[in-house]
**Q** 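Dumping the structure here so I can ask a few things about it.
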Amino acid sequence: MPQSQHLKLVSSAPHHVAISLENFGVWFGDSCILSGVNAHLPKRGVTVLVGPSGAGKSTLLRALNRISDDMAGLSIQGRAYFEGCEIYAKDCDVTKLRARIGMVFQKPCVFPRSIAQNVLFGLRGVKLSQAQKHDIVEQALRGAALWNDVHARLGERADTLSMGQQQRLCIARALALKPDVLLMDEPTASVDPVSARTIEALMRDLGRTIPVLTVTHNLAQAKRIADHVLFLCEGQLVEAGDAAHMFSNAALPKTQTYLCDEFCEC
Amino acid sequence: MISRAAKEHIFAAATRAALGLSVCILAFLLGAIIVRGAQAISLDFLFMPSRDFGSRGGISYQIFGSLLIVLTAGLIAAPLALGASVYRSEYIKNTAAQRLFDLALYGLNGVPSIIFGLFGLILFVNIFGTGLSWFVGAVILAIMMLPTACMATISAMRGIDTPYRENAYALGLTREQTALRIIIPQSLHGLVTGLLIGLARAIGETAPIMFIATAFSGAGVPSSLAEPVATLPTHILALAQQAADPAALQNAWGASFTLIALVAMFSLAAFFARARLLPLSQR
Amino acid sequence: MDFTRPAPPSGRALRSYFLISALICAAICAVILITLLGQTGPVLSHNPASLFGTVWNPNLGQYGIIPMLYGSIVVMVIAMAIALPLGVLTAIYIAETRSARLRGIIKSALEVLAGIPSIVYGLIGVAYISVWVAKGLDLQTGRLILTAGLILAVMILPTILTLTEDAISNVPVIQRENARALGLYRHEVILDVVLPHARRDILAAGLLALGRALGETMAVMLVIGSLDRLPSPIFNVLSSGQTITSKLGRELGESAFGSAHFSALVLMGLILVLITLTLTGAAQWLINRRPNGVEAIYD
Amino acid sequence: MRYIFRYGVHVAGVSFAAATILTACGGDGVKTAGDTVSISGSTTVLPAISRAADDYTMQTGAKIIVNAGGSGGGFKQLAEGQTDIGMMSRDITAEERARFARHSFTVTAIGRDAVAPAVSSEIYDAGVTQLSFEQVTDIYMGRVDNWSAFGGPDRAIFAVDKEAGRGTRQVFARIVFGDKNMQAPGADLVVGSNNEEQTALAQSDSAIGMISFAWANADVRPLSITTANGAVAPTLDNVNSGAFPITRDLLIVTREDVSGQAKAFIDFVLSPEGQTHVVDAGYLPVNK
């Protein structure tokens with residue numbers, strides 16, 4: 001295993017790492033989607049997963065909060081740790097895990113309820129007063145840069161919002177749970193360019209307090225938002241590193257070709 | 001206050017229990033019919049006429065009568081369903097008229113089966129004075145099959161891409177020629193499938209024909225349209241009313257098994273017809 | 001060049017064939033209703049007041065349809081009360097299970113069951129269910145309102161199960177994934193996301209099943225006991241009873257055409273048709289109504 | 001394709017033609033189906049006629065269709081011209097005659113039958129072997145509801161009634177209750193055919209019903225009738241001698257326009273050979 005496949009930018013000390021992968025692999029039936037991935041997700045900053053289509057970026061992301069558990073034929077190899085706990089351990093409470101690892105999908109998906117109800121949708125099992133609820137909604141919506149748009153119509157149905165607003169509502173919904181990590185699967189792919197810029201700025205802001213792991217096909221966007229970059233190709237982690245380093249002088253020619261010319265030889 | 005995790009367990013247990021109960025019911029129904037039916041079935045049973053009010057002998061005339069009525073019904077329903085479907089899909093362009101037509105079809109589909117029997121009894125048997133007649137039974141079953149056959153055909157016609165029609169019109173074909181050469185051949189699978197599904201349903205119907213088309217005993221091969229025949233469902237009905245007689249009950253199970261085999265035959269035929277007749281352009 | 005190629009002579013004939021077929025198909029439903037309506041005269045002119053009574057005695061000119069109407073409704077309620085929760089819970093299990101094999105087996109078993117003729121359900125009712133009910137509850141007969149309800153529940157279970165399972169499977173995966181990603185338990189995802197999303201289709205399935213339960217004749221007729229009386233006390237489902245359909249099945253053959261007796265039976269039939277048509281119409285409306293924005297965006 | 005289409009048109013044509021023929025041959029119900037004899041009606045008469053019909057068909061090749069449906073239905077179908085012969089286990093009522101006054105009907109007795117109150121074997125074995133008319137009426141009117149009132153076990157009486165149009169019921173009601181249309185508020189279950197009645201009585205352990213002698217068996221026991229002169233046992237001898245009170249003729253009814261074939265069949269039923277089938281069915285022959 002070449003040294004370059006490890007994230008060199010952070011120390012391997014656990015308190016700096018939110019998620020770490022050891023020889024991690026995903027199989028669907030007989031076909032291997034991901035294999036031998038070793039990586040650490042640092043506790044701060046935006047980490048961008050890049051790579052050509054079919055590289056396994058989304059699969060990796062979806063494996064981290066075990067959202068792909070229900071797919072028939074899925075099997076996991078190696079280990080994945082979140083805050084020192086093994087994600088795929090038998091005694092891992094998937095529900096709690098997911099509540100702590102927020103996820104935003106490619107297509108915005110709001111529930112056919114009011115905006116406020118959408119924000120509070122994931123908060124279960126705790127009794128909250130009206131005031132507390134209002135505080136959480138406001139904080140989450142502010143955190144998702146949506147408060148100014150919707151504060152006057154929190155009771156309206158969420159599906160009346162524009163796509164860009166809906167996507168930010170999805171982010172707010174995840175933020176309401178105060179997640180320890182935020183996974184974002186091409187969050188700007190289904191929204192208009194202006195909203196995409198707003199969401200990019202949002203990701204930068206969020207990255208200051210929590211780790212954000214995002215997938216993008218858009219290298220220009222990756223350059224704008226990335227603190228760290230993971231380059232995946234054909235189910236393998238090719239290279240990982242600090243964004244400035246990766247975009248200017250990546251160690252491997254493969255990485256250079258892809259990050260500069262958006263062309264992949266593998 | 002029950003914790004969320006506990007609720008999860010309760011809910012899972014409830015769905016599992018429901019599944020268990022449903023599976024038990026399904027297994028019981030299938031098991032009863034297969035086990036009891038298989039005990040009663042024999043070549044003699046299938047090919048001998050019944051004796052002693054059905055408690056002895058076989059069900060040959062019942063099988064014949066059932067097939068005669070439903071196949072005739074299919075022949076009556078086919079041209080009507082085909083013509084009506086062409087008209088609905090190629091001629092009616094007004095949305096309101098389309099809705100009205102669909103509503104009439106759905107309405108017909110929702111009419112309880114005994115009402116068809118009542119309708120046939122009033123209109124044919126009494127007003128037209130036909131008496132008990134297998135042909136009247138076939139007409140009534142044809143009416144019952146119409147919605148199924150029409151809906152399947154119409155939806156097959158809806159599946160034909162507009163360019164086909166546009167090309168046909170561009171070649172100077174009239175609407176009728178387009179219907180005949182393009183639309184009907186391309187939607188034939190819908191008609192055949194719909195008809196076969198209709199047949200599968202019709203052959204099991206009792207209520208529509210029991211007052212108008214069937215006889216208890218003595219009915220064999222009819223020599224005219226205005227004669228009753230014996231059918232499997234009405235035979236089962238007569239035998240089910242003698243449930244205290246084990247021989248009668250045994251024959252009732254045998255007749256039920258045969259009836260379900262016929263239903264399955266038509267359903268399978270529908271399945272294969274769909275696969276075979278689907279035009280290449282839609283495969 | 002001849003651009004005015006005349007239509008072949010068969011064109012007009014074909015066109016009228018299409019038109020006539022369409023008219024026949026569209027008109028039959030109305031013809032049935034009118035035919036029935038035309039036969040209700042005698043009882044309406046003879047003794048209309050007795051229709052709302054609880055006594056059915058054609059010999060004395062009493063045609064109270066209340067016991068039959070009541071029987072139909074009670075039997076339907078029993079059937080739905082059993083089949084709906086059972087069907088929906090089972091459908092949830094099937095739709096959420098990861099075992100494609102289990103799902104395949106159950107779905108094909110359901111196809112077979114949906115094809116079983118109602119008379120065979122009647123036979124099962126006579127040979128098994130009514131006997132079990134009589135033995136289990138230590139009664140003199142198993143031909144009861146309850147038995148009819150049980151048989152109907154079994155009959156409509158495949159319908160409810162199949163349609164509900166379809167409805168649940170049609171809920172976009174993305175909705176479930178989003179809910180699960182928020183850390184919701186499976187039951188919370190189902191109750192708060194999946195079922196609300198599928199409720200319209202489930203309701204339609206219920207209405208269709210309701211219509212089928214109301215209109216079912218043979219199975220009910222063999223097991224309900226044909227007692228033209230309101231049970232006493234009124235909610236005693238462990239007594240024999242009568243539904244509109246079983247009444248028609250039992251008595252149509254022996255009432256003379258054109259008599260007040262016959263027309264009273266026809267009137268009951270007409271009421272039945274109107275109820276079931278309303279139910280099917282409502283179900284169709286629910287299914288066809290293309291719903292609000294959320295689904296439109298993601299489907 | 002063309003072929004199928006033409007075929008369709010052809011079938012449609014045939015259908016229309018057939019419908020026209022059907023309608024034309026309807027009218028006032030003149031039977032056209034040449035040598036077929038169509039019979040329907042009482043399930044009591046049915047076994048005798050059905051057996052005779054099978055024999056007659058075997059001998060002559062004539063086609064005889066026999067249908068069940070109860071006396072009322074049998075008369076109705078005959079009167080409306082749908083059948084050639086009606087089977088009845090009771091007389092034609094005045095209302096029925098009035099409704100079809102334009103026709104005249106001929107009634108022929110082909111056998112004799114007795115109806116007895118019958119009970120589940122458990123009750124019979126417990127000692128209830130005879131009842132008077134009054135006692136039976138009390139049960140059906142709902143005035144008595146426990147077998148202990150008649151020296152039986154302390155069990156509720158389960159009274160099985162029959163559909164109003166059934167001949168058995170009308171004969172029973174006329175002789176036992178004193179009014180053939182009397183309703184039975186004490187009834188717990190209503191059945192149609194004799195077979196159903198038999199099944200219901202056999203499945204219960206404390207039921208009473210009304211049944212034709214021919215359907216009595218080990219599970220369904222007919223009762224003796226208590227009269228002022230002692231009990232009359234439900235035996236064919238007592239029916240023959242006229243001692244058993246609830247008897248009726250098994251009738252077949254024809255319209256004035258009866259076909260020759262139907263007439264020939266009736267003659268066969270009345271012949272000594274035909275009468276053996278009546279006896280086989282468990283009834284008494286006529287002319288004896």
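Just so you know, these numbers come straight off a predicted model, no measurement behind them. What's counted below: heavy atoms across the whole structure, side chains too, no hydrogens, waters or symmetry copies. Order of the sequence lines sets the chain letters (A, B, ...), proteins ahead of strands, with each chain counted from 1.
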**Q** Of all residues at least two apart in sequence or in a different chain, which pass the side-chain contact (heavy atoms from CB on, under 4.5 Å) check with C:I82?
**A**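 Applying side-chain contact (heavy atoms from CB on, under 4.5 Å) to C:I82 gives C:I78, C:L150, C:A153.
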
**Q** With only heavy atoms counted, which part of D:A202 is less than 4.5 Å from chain C, the side chain, the backbone, both or neither?
**A**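 For D:A202, neither part sits under 4.5 Å from chain C.
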
**Q** Report the option among D:N181, D:D188, D:V191, D:T93 that has the most heavy-atom pairs separated by less than 4.5 Å from atoms of chain C.
**A**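 Sorted descending by pairs with chain C, the first entry is D:N181.
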
**Q** Could you grab the distance from atom NZ of D:K76 to atom OG of C:S259, nearest 0.5 Å is fine?
**A** 8.5 Å

**Q** So for C:R229, is it side chain, backbone, both, or neither that comes closer than 4.5 Å to the heavy atoms of chain D?
**A** side chain

**Q** Just wondering, do D:Q183 and C:L60 contact through their side chains at under 4.5 Å, heavy atoms?
**A** no

**Q** Using a heavy-atom distance cut-off of less than 4.5 Å, which residues of residues 130-148 of chain C contact chain D?
**A**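 Those residues of residues 130-148 of chain C which have a heavy atom under 4.5 Å from chain D are C:V131, C:Q140, C:T141, C:R143.
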
**Q** Counting heavy-atom pairs under 4.5 Å with chain C, which one of D:S120, D:A187, D:A156 comes out on top?
**A** D:A187

**Q** Among D:Q77, D:R99, D:Q203, single out the residue with the greatest number of heavy-atom pairs under 4.5 Å to chain C.
**A**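 The candidate making the most pairs under 4.5 Å is D:R99.
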
**Q** Measuring heavy-atom distances to chain C, does D:T199 have an atom under 4.5 Å in its side chain, in its backbone, in both, or in neither?
**A**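 Contact with chain C: side chain only.
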
